[in-house]
Structures are given as C-alpha cells and as structure tokens.
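If you scroll down you'll find the structure; I have some questions about it.
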Amino acid sequence: MDSRMDPQYRPEIIEPEAQQHWDEKQVFRATEDSTKPKYYCLSMFPYPSGKLHMGHVRNYTIGDVLARYHHMKGFNVLQPMGWDAFGLPAENAALANNVAPAGWTYANIDYMRGQLKRLGLAVDWSRELATCKPDYYRWEQWLFTELFKKGVIYQKTAAVNWDPVDHTVLANEQVIDGRGWRSGALVEKRDIPMYFIRISAYAEELLTELDHLPGWPERVKTMQRNWIGKSFGVEIHFPLNARHQVGEGDANPVLKVFTTRADTLFGVTYVAVAAEHPLATQAAAGNPALAEFIAECKQGSVAEADMATMEKKGMDTGLKVYHPFTNEPLPVFVANYVLMGYGEGAVMAVPAHDERDFAFAQKYALPIKPVIKPAGSDLAQPLTEAYTEQGVLFDSGDFSGRTSEDAIDKIALVLKNLSLGEKRTTWRLRDWGISRQRYWGCPIPIIHCPTCGDVPVPVDQLPVVLPEDVKIDIGSPIKKMPSFYETTCPTCGGKAERETDTMDTFVESSWYYARYACADNDTAMLDGRANHWLPVDQYIGGIEHAILHLLYARFFHKLMRDVGLVNSNEPFANLLTQGMVIADTYYRDLGEGKKQWINPADVDQRDGIWVLKTDGQPVIVGGTEKMSKSKNNGVDPQSLIDQYGADTARLFMMFAAPPEQSLEWSDAGVEGANRFLRRLWKAVSDHLEGGVIAAYRGGELSAQTQDFRRQLHQTIAKVSDDIERRKQFNTAIAAIMELMNAMAKLDNHPATRAVKQEALEAIVLMLAPIVPHICRSLIMALKPGACLMSSAWPTVDEAALVRDEIELMLQVNGKLRGKITVAIDADKDAIEQTALASPEVQKFMDGQPAKKVVVVPGRLVNVVV
RNA sequence: GCGAAAGUGGCGGAAUUGGUAGACGCACUGGAUUUAGGUUCCAGCGCCUAUGGCGUGGGGGUUCGAGUCCCCCCUUUCGCACCA
C-alpha cells in the first residue's frame, strides 16, 4: 500500500470506504465486558426536526472524539443514539403540510439517521430508540402507574395559557406579546386539572447531591441550586382582626406570609396578595372594581419572565390585617407581581428595604418606613431608593439595636411564643406538572371512572397506544376520538373514559439514557445491564438544558432508584455543556420594519461590500447570532460534508473554538481545516516516498532532531491532557499543527526519518478521534497491516523529555528585558547571580544594588531596582 | 425582573496554579512556482509620535509582577417551569 498511496486526499472515496468497513465489522457494538473499564459516552439525543443542524454536528463530534479516545485508551465504550421524537413541531408541521405527525417524524428520523452515519460516528446503532414508539413509552406509562399508586404523582389544578378564540391551550412559545400566535387573541390564564410529580419531595437530595458532582460545570450546579432555591425564613401571621390582648391570636383568623427578611417586620406598611388568593376573592365579592382588576391580572401568559417584566399594578382590597407586634392596621393590596405558587401567595411589603415594594409604594402613595441602617452610620432620609442590605435595626421596639441576623432569630422566637409564626424553610422549586393537552406525546395511562375515580391502567393493558393515523386540526385529535377515550373501568367494569392528555416530552428525555443499556428488553423497563453501564461517564449537550432537562433527569434517576430499577444516585458523572453555533446574518429592508433575511451561503463579498450572489446588489450585514430559521443564517451541514467530507467538518468544529464557548461559523475556517488535512495527507505521502522505515527505537540524533523528538513527546502529553482532562480540543489540534510545522524543517537522514516515522504514527493516532476516516487510511499506509480500531493511544517516552538547559525570562521591575539560559539543576543563588550579571540587568542597575530579586523556578527572574 | 456566564489584534481563539500577552488558524501584504486564476511553498503581520512607549470592555485597588485576584460600571449571550 505504501508506494501505491494515492498522492491526493480524496475524502469522497476513503470516507464511505471506512464507514462501510466499520459497519460490516460492527466495531462499535458494545457488550457488557467486565474485563475492561466501561466508558458510557452519551450525547443528548436529537429532536427529529427534519435535517441535522450545525449544533448537532458539534455535539456529536465532541461525543465521538471522547468515545474514540477512550476506546484507544483501552476502555469498553458505549456510545448510543436515539430520537427525542414526541413534541410540538410535529403537530405544527402536520398543520402546515397536511401530514400525520407520526409519518413526518418517522421520515425525518430515517433521513437524519443517514446524515449522522455520514459523520462517521462510533455509535452502536443496535441500541437505537425512538421515544414515540410504544416499545419505549409503554415503560414510561408503567412507571407512571407505579408512581401514581405510591402517591408520587397526584392531581391538582394549575394555570395554563388559554386562547379564547381557538379554544385551545397554548405553549409559552405560542404566546407572542400576550397574544395567541394563530388567532392573535389576548391570552388568558386558565386553571385546569393536571397531573404533577412530587419533585419537591426530592428537593433536599437534588440540592445536596450537587456537592457530590465534581464532574459538572460549576455554573450548571449554581443555576440548579438557585432554581431549587432553598431559603430559610420566617412564616409570619398577620391577624385579620385587631387584638385586644396578647395571646388572643389563636382564635383570630390570620393571613400567612413568608419572608426571608423578618428583621424588617417593623417596616411593613402594607401586605400584598396574589390575584388568586382566597382573601382577594373574598374582597372582590362586593367590589366590582376589584373583581375587574383581578380579572385583568388573569390576562397575559403564565411565563415567569412575562410576569416579572410587566408593569407592577395593585389595588386596595379595603381589607385590613394587623401587625403581629404593634397591632397597627395595614392595608391589604392585590398585586399582580405576587405569585400564588410561591410561599403562601402573600407577602409583607417593606418599601424601605425592598426594591419592588419601594416602587409600588411610590406609585400608590403608601408610607415608607425605614427600620434597618448600616452598622455604624445612619440612613440618609428620605430614602431615594430601597436599602436592601442587612444591617442594624432601629424603630423596631425591643429589637432595635440588634443586627439583622440576630433579630431574625429573636423575632421568629417571639412570634412562635405568640403562635403568630415560626421559622420555615421554603423552596423555589415547584412540583412538575406533566399534563399536556396535546396529541403528539405519550398518553397518560389513567382511566376516569364515575364510581372509582382515577384508576391507573393495569400493567396487562399497557401500553395505551397513541393512534398514529389521525387528521390534525386545532386541538388534539384524540380528544375527539371516542374509539380512543371510550373504555371500561378496570376496577368496576363500568363505562369510563380514558385520560386524553399526554405527558410533557421532558418525561421521555428523563430516562432514555438508562434505556439504552437494555433497549431490547420487552419484559421490563430496565434490567441489570443498566447498572453495568450507569452512571453515564460523560454526558454532552447544550447549555440551554442546564436546568430543566438535567434536573428532571436527575430527579427521574432517583425515582427509578427508589422503585429498585437502578442502584446509583445520579445519572451523569461528568457533564460537558457545549456552546451554540452562531453565524453572521444578512438582510434587506422591506420597509414597515420588515426584513428579508438572506442565508450566508447566498451572499458574497465584492470590493469590500456584501452582495447577493444572484443579483449582485448589496445586502445589509446584521449581527452574529445563533443559527436559526427565523434569521435564515443556518448553514446546512450536508452541503459542507458533500463538499469537503465529514473529517473536514469535524476538524473545523473542534478547532474553531473550545467546546463550551459559542462557535462562529466561518467558510474560510472550513477551508483552513481542509487545507490542514491535505497537508497531513501530503506529509505522509512524501515521507513514504523515501521507502518503508521502522519508527525510531533509539540511537544517536542531531541536536535539532533530538529537540524535535522532545517536542513530539511533549505534544503527546499535552494532547492527552487536553482531550482527557481539559476537554479542550482546539489547543490539542493547535499543538499537533505546531508539531507538523516543526517536522517540515527536519532533514532526511535515516535516523531523522525514523523519528519522522515515529512522529507521523503518533500524529495520525492522536488525530484519529477527531478525523477518523483520514487517519484510518494514513495509519494503514504508514504501517502496512495496521488497523485503526485496534490501535492504542500513543504513549509518552519520558527519556525523550529530558533536557539539561532551560531558558528563563529576565524581568526588571516587572518588565521583560531579556532572557538567560541556565542549567536545569541550577539553584536559586546561581540563577540570581547569572541574572544580576547579565548586561540587560546591569543597564538598569545604575551601580545600585538590587532591592529585591524574585526567582520563579523554571519560569523567570524579576530584579527590582 | 430574577438567576448564570462571557468581553483579549482586522477575525476565530491561546496564555492550564498570579509569572514571556497574542500559540494555532483565518484574513491581509510581499516574494517564488504558474500562460492566467486557483493550488502549493517562503517571508511578514497588536498599536503608536519606534534605541522607547502603550496595550486584554471602562474606572479604581492588591502585588516584585494582574488577561488571571478584589470593588464599581458598561455591553453581549443563555435560562426562567407548556420549544426542545
């Protein structure tokens, strides 16, 4: 093969050849082999939206590099792939194109599977799963019934976005500026019954276990901690009637509030309740204006970001509550910024020490009463803004003079003695509502019986199969399909109706990682193989999943543990959150604020200005944004692969940016990646023209070749560390490029050629996880008979790293002034003497002795004069 | 609004533990090769008033030494529970 090696790099020939070979030999098939350490490498599975986008290519290349690297390091690697196949886009596509969601989804899966295979991923396709298939979701339904029986799943009402024109529930993304996306009608909040999973019961464990996940990015853990939001505070009861003596509180009805700032209790000037609070409903009964205001509060979407940014409004209910200590009457307001779902749905308002309350008090001319001041100084009054720091109490009765921290404890104690409150822990985390009023999802396995109530579908009647042959209109077709919902009660045998809601698609993605271990099991959700492979050793996916998906999956793992399905506590040992793929945007102004977005592939730069290729007329350059349909700035990976091959696509993705950062698309960068691969091919081809030679095993080398060999082994050490520990592939590639540049300067003596053979073998193997197809061809050319998939990762020859001299930077007063060369074992005194004697230092000493000399071993000397 | 990150040449980025700022690549410039374009190869490439000085979003601080640590500010991005 060596002498007959094609002098041209032809990815269109070698890539299909390699893929066919791997496929036929089933080299990526994983079996439970306990003789080797296991490595379960998982990338977040794709939603089958139609075709692969660049984000997928990036995600799966990162995963593949890690999987292939660990394979070369001797691990038994599992890398599976599947489809997160239920979801809203299938219903939208069905409406737009008049096709059934199932057919659309399956066609997309088939197409995208082909695309993934063209990337050359080391995936075990025998474990492929799709969440929309009954053999997957039947186990989700089974677990639902188990959890329902345990009381972990329960029913209650919750607010949804209701479109009053289309008579349908809208997802948050279907609400645009408070209106339904299709009807344009003002959206309302509506309470409907839904099923909830008690994630709140696991809040403490979900929080504390974060401390035992060293392989997770700190920022993801911080976001999850904040999301769970454990806060220590005080529940305070405000009596609804004035008290005539202490201790009367017991029989007096109270309004409960929760606060983390009980120290500000004497600064309360009003209380505010949510629109849905019983007290608000009670007050509205005889107050039409208030009833109207409460109705107005129910307009708009349920999204928290919308609620938080809307104008803060309120209305006095006319009701009063009484301060638990001073017995002072306080007005009760209904406020649109108080959330019924958090704490007690009521807050005590302290305008002097809370920004929102301050703004609200100014708007409605409510009193602002400061009670906290910084330690050792006074507050400038009147306040121009809320003082939100903790400090020292004043004007607070017996508590004046205490610090905030001290006062919180003391106030809680006194309240407890009065039976008017106590210390409490609350959580921001709410139970997970999993009911969706949509069609394309996993049916909730519940039967509503007029006599027996909600009955879970018995195991022998599972799965409840979602009918796939349907016509899509506004609203879920199974809600209008008696053949689906008419049934009999499993308990009493009487007429009953099936639940027609489906589950949140986050449920499917909360346990798929475990199912890959035993996707072929048709008698149980999971078996012993799950415990062999779990936890996932490396999970890779977008940072946008930092909270919801990753928290739900952690939660589900604990649920599965507690029904005996898995024996570990956490699903993902190491997490890598990859950044977005972004690209420049181009547009033309159509007037009236409308823009025509133009794809980057259709523009060209001519004489410094960007023009549309088809008409040569200029276009406007927008910002660099996430690749998206709306900005038409997506670059199709398919055309990239067709033009340059999968290896170029993979190399560009890995080289352009470190995995956690966003990656900017660049046509020129792709060219550069391709150029490097052609140079690599040519380097091997040129080297082999000199004839077959064995890799260097020892013997005399010129100083230059010895230096190069040291660089080779330093590079092996660096690349291994970059991939394994730092997961920073761009610097690994850069180091290999540097090594290639250095190699090009070497001579062709036989000893040097042996070192080049050693270097090229190492370079090809180090690049193999990133660009496997070209490396398969090159290793076979370099070492006739070699097989890439059985080649081991190169090892560092410690002897090659030895050196006897080292260069130190020379600084004077912290500024670089020169360099000195010292023996590797030179001590501090010797280095200091060499530095002080150097002409660079003498120039600045001016005959004076040095004030100080700092020696940093192996790095630099700093002389202070 | 709340929570979390990130700002370094013309561009993407490097600098791993407070110790040579700008590795590697792109773009650009000059040269060689070529009928020409492309390719390939060689060299140069932070800025300035250039034997020196200034430079990591802006302002202050700690240190012999700061892109890195601390305080304040600005900008951008991500998430916010029914998009996945």
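Scope of the values below: all heavy atoms of this structure, side chains included, with no hydrogens, waters or symmetry mates. Naming convention: chains lettered A, B, ... in sequence-line order (proteins, then strands); numbering from 1 in each chain.
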_Between B/G25 and B/G57, how far apart are the two P atoms, rounded to whole Å?_
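Between the two P atoms, the distance is 25 Å.
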*asked:* Using the side-chain heavy atoms of A/Glu173, tell me which of these nucleotides is nearest: B/C83, B/A14, B/G3.
replied: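 My answer, after comparing the listed nucleotides, is B/C83.
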*Can you find a donor-acceptor pair, distance only, under 3.5 Å between A/Arg725 side chain and B/U16 base?*
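Side chain to base: pair present.
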*What does A/Leu860 touch in the nucleic acid at a heavy-atom separation under 4.0 angstrom: a base, only the sugar-phosphate, or nothing?*
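Result for A/Leu860 = base.
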*Of the nucleotides B/G1, B/C24, B/G12, which has the atom closest to the A/Ala656 side chain?*
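For the A/Ala656 side chain, the nearest candidate turns out to be B/G12.
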*B/U16 and B/A21: how far apart are their C1' atoms, nearest whole angstrom?*
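About 15 Å, rounded to a whole number of Å.
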*Which nucleotides of nucleotides 72-81 of chain B have their base under 4.0 Å from a protein heavy atom (B), which only their sugar-phosphate (S), and which neither (-), written as one string 5' to 3'?*
-----SSSBB
*Euclidean distance, atom OH of residue A/Tyr47 to atom P of B/A84 [Å, nearest integer]*: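 Taking OH of A/Tyr47 and P of B/A84, I get 7 Å after rounding.
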*Provide, to the nearest angstrom, the distance between the CZ atom belonging to A/Phe729 and the C1' atom belonging to B/C24.*
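Whole-Å distance recorded here is 17 Å.
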_What contact category does A/Ser49 fall into here, base, sugar-phosphate, or nothing, at under 4.0 angstrom with non-hydrogen atoms?_
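Answer is nothing: A/Ser49 stays at 4.0 Å or more from every strand.
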*Under 6.0 Å from the CZ atom of A/Arg859, do we count more than 12 heavy atoms belonging to anything else shown?*
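Count not over threshold, so no.
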*A/Glu664 CD to B/G7 P, straight-line distance once rounded to whole Å*: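 The answer, rounded to whole Å, is 15 Å.
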*asked:* Any base atoms under 4.0 Å from A/Ser666, or only sugar-phosphate, or nothing? Heavy atoms, all strands.
replied: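 No contact.
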*Enumerate, in order of first residue number, the stems that involve RNA chain B, defined as 3 or more consecutive Watson-Crick or G-U wobble pairs with both distances under 3.5 Å.*
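Runs of three or more consecutive pairs: B:1-7 with B:74-80, B:10-12 with B:24-26, B:28-32 with B:40-44, B:46-48 with B:52-54, B:57-61 with B:69-73.
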_Considering every strand and a 4.0 Å limit on heavy-atom distances, what is the contact class for A/Val169: base, sugar-phosphate, or nothing?_
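Answer is base: heavy atoms of A/Val169 come under 4.0 Å of a base.
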Could you give the side-chain donor-acceptor pairs of residues 171-178 of chain A under 3.5 Å, partners two or more places apart or in another chain?
{"residue": "A/Asn172", "atom": "OD1", "partner": "A/Asn161", "partner atom": "ND2", "Å": "2.9"}
{"residue": "A/Gln174", "atom": "OE1", "partner": "A/Ala171", "partner atom": "N", "Å": "2.7"}

*Please say whether more than 12 non-hydrogen atoms of neighbouring residues, nucleotides or ligands are located less than 6.0 Å from NZ in A/Lys363.*
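Buried by this count: over 12 neighbours within 6.0 Å.
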*Check the distance between B/G25's C1' and A/Met654's CE and give it to me in whole angstrom.*
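Between C1' of B/G25 and CE of A/Met654: 15 Å.
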*asked:* Need one value for A/Phe655: base, sugar-phosphate or nothing, where a base atom within 4.0 Å counts as base even if backbone is also close, heavy atoms only.
replied: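 Base: the residue A/Phe655, judged by heavy atoms under 4.0 Å, touches a nucleobase.
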*Going 5' to 3' through nucleotides 39-56 of chain B, assign each nucleotide B (protein heavy atom under 4.0 Å from a base atom), S (under 4.0 Å only from sugar-phosphate atoms) or - (no protein heavy atom that close).*
SSS-----------S---
*Whole Å only: how far is the NZ atom of A/Lys718 from the P atom of B/U16?*
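Distance check: A/Lys718 NZ to B/U16 P gives 9 Å.
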*Would you say A/Lys843 has more than 12 foreign heavy atoms packed within less than 6.0 Å of its NZ?*
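Atom NZ in A/Lys843 is not crowded, with 12 or fewer foreign heavy atoms closer than 6.0 Å.
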*Under 4.0 Å between a side-chain N/O of A/Asn730 and OP1 or OP2 of B/G13, yes or no?*
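A/Asn730 to B/G13 OP1/OP2: no side-chain N or O under 4.0 Å.
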*Indicate syn or anti for B/A50, taking the glycosidic torsion and treating anything within 90° of 0 as syn.*
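Syn conformation here, the glycosidic angle of B/A50 being no more than 90° from 0.
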*Could you measure between the two C1' atoms, the one in B/C74 and the one in B/G53, and give it in whole Å?*
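Pairwise C1' distance, B/C74 against B/G53, rounds to 28 Å.
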*When the nearest nucleotide of RNA chain B is assigned to A/Ala734 and to A/Lys852 on a heavy-atom basis, which residue is associated with the more 5' position?*
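Nearer the 5' end of the strand: A/Ala734.
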*Using a heavy-atom cut-off of under 4.0 Å over every strand shown, decide if A/Met194 touches base, sugar-phosphate, or nothing.*
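Base contact - A/Met194 has a heavy atom under 4.0 Å of at least one base atom.
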*N/O donor-acceptor pair under 3.5 Å between A/Tyr539 side chain and A/Tyr513 backbone*: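 Here the side-chain-to-backbone pair does not exist.
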_In whole Å, I'd like the distance from the CE atom of A/Met809 to the C1' atom of B/C64._
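The answer, rounded to whole Å, is 18 Å.
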*Check every strand shown and say whether A/Pro658 touches a base, only sugar-phosphate, or nothing at a heavy-atom separation below 4.0 Å.*
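The residue A/Pro658 makes sugar-phosphate contact but no base contact.
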*Side chains of A/Pro217 and A/Leu575 in contact at under 4.5 Å (non-hydrogen atoms)*: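 Side chain of A/Pro217 against side chain of A/Leu575, heavy atoms only: contact under 4.5 Å found.
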*Above 12 or not: heavy atoms from other molecules or residues under 6.0 Å from NZ of A/Lys312?*
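Count over threshold, so yes.
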*For A/Glu807, which residues count as a side chain to side chain donor-acceptor pair (under 3.5 Å) partner, sequence neighbours excluded?*
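Expected list: none.
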*Would you call A/Trp440 and A/Leu88 a side-chain contact if the rule is heavy atoms closer than 4.5 Å?*
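Not in contact.
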*asked:* Once you apply a heavy-atom cut-off of 4.0 Å, does A/Val864 come out as touching a base, just sugar-phosphate, or nothing?
replied: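 Sugar-phosphate contact only - A/Val864 comes under 4.0 Å of backbone atoms but never of a base.
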*Given the P atoms of B/G46 and B/G59, what is the spacing between them in whole Å?*
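One P to the other, the span is 23 Å.
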*Taking atom CD of A/Glu355 as the centre, report whether more than 12 heavy atoms of other residues, nucleotides or ligands fall under 6.0 Å from it.*
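Not more than 12 within 6.0 Å, no.
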*Does OP1 or OP2 of B/A4 have a side-chain N or O of A/Gln224 closer than 4.0 Å?*
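The answer is no; no side-chain N or O of A/Gln224 sits under 4.0 Å from OP1 or OP2.
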*A/Gln711: side chain to side chain donor-acceptor pair (under 3.5 Å) partners, not counting sequence neighbours*: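 Listed in chain order: nothing, the list is empty.
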*Is the glycosidic torsion of B/G10 within 90° of 0, making it syn, or is it anti?*
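Nucleotide B/G10 adopts anti.
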*P atoms of B/U68 and B/U63, separation to the nearest Å*: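 Their P atoms lie roughly 16 Å apart.
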*Under 4.0 Å between any heavy atoms, over every strand shown, what does A/Phe676 touch: base, sugar-phosphate, or nothing? Just pick one.*
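Nothing, no heavy atom under 4.0 Å.
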_I'd like the C1' distance from B/A15 over to B/A66, given in whole Å._
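To the nearest whole Å, 13 Å.
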*asked:* Classify the ring geometry of A/Tyr47 against A/Trp104: parallel below 30°, tilted from 30° to 60°, perpendicular beyond 60°.
replied: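 If you compare the ring of A/Tyr47 with that of A/Trp104, the planes turn out tilted.
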*With P as the reference atom in both, quote the distance from B/U49 to B/G44 in angstrom, rounded to an integer.*
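Result for the P pair: 23 Å, nearest Å.
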_For the backbone of A/Ala386 and the side chain of A/Asp354, can you confirm whether one donor and one acceptor N or O come within less than 3.5 Å of each other?_
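Answer holds: no.
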*A/Leu816 has a side chain; which of B/A21, B/G13, B/C83 sits nearest to it?*
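Output: B/A21.
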*asked:* Using the P atom as the point on both nucleotides, what is the distance between B/A43 and B/C78, in whole Å?
replied: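 The same atom, P, in both gives a distance of 43 Å.
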*Across the strands shown, which category fits A/Asn741 at heavy-atom distances under 4.0 angstrom: base, sugar-phosphate, nothing?*
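Sugar-phosphate contact only.
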*Can you check whether A/Val347 reaches A/Phe258 side chain to side chain, under 4.5 Å on heavy atoms?*
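No - every pair of side-chain heavy atoms lies 4.5 Å or more apart.
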*Identify whether any heavy atom of A/Lys221 sits under 4.0 Å from a base atom; if not, whether one sits that close to sugar-phosphate; answer base, sugar-phosphate or nothing.*
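Contact class for A/Lys221: none.
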*Please give, in whole Å, the distance from B/G25 P to A/Trp665 CH2?*
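The answer, rounded to whole Å, is 19 Å.
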_Whole angstrom value for the distance that separates C1' of B/C24 from CD of A/Gln711_ =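 Rounded to whole Å, this separation is 12 Å.
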*Are the aromatic rings of A/Phe729 and A/Phe655 close, with centres under 6.0 Å apart?*
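Aromatic pair excluded; centres sit 6.0 Å or further apart.
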*Distance check: side-chain N/O of A/Thr222 vs OP1/OP2 of B/A4, anything under 4.0 Å?*
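Answer is no, no contact under 4.0 Å.
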*Looking at NZ of A/Lys479 and CD of A/Gln437, how far apart are the two atoms once the value is rounded to the nearest 0.5 Å?*
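The distance works out to 6.0 Å.
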*OP1 or OP2 of B/A14 under 4.0 Å from side-chain N/O of A/Gln661*: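 So the side-chain polar atoms of A/Gln661 do come within 4.0 Å of the phosphate oxygens OP1 or OP2 of B/A14, strictly under.
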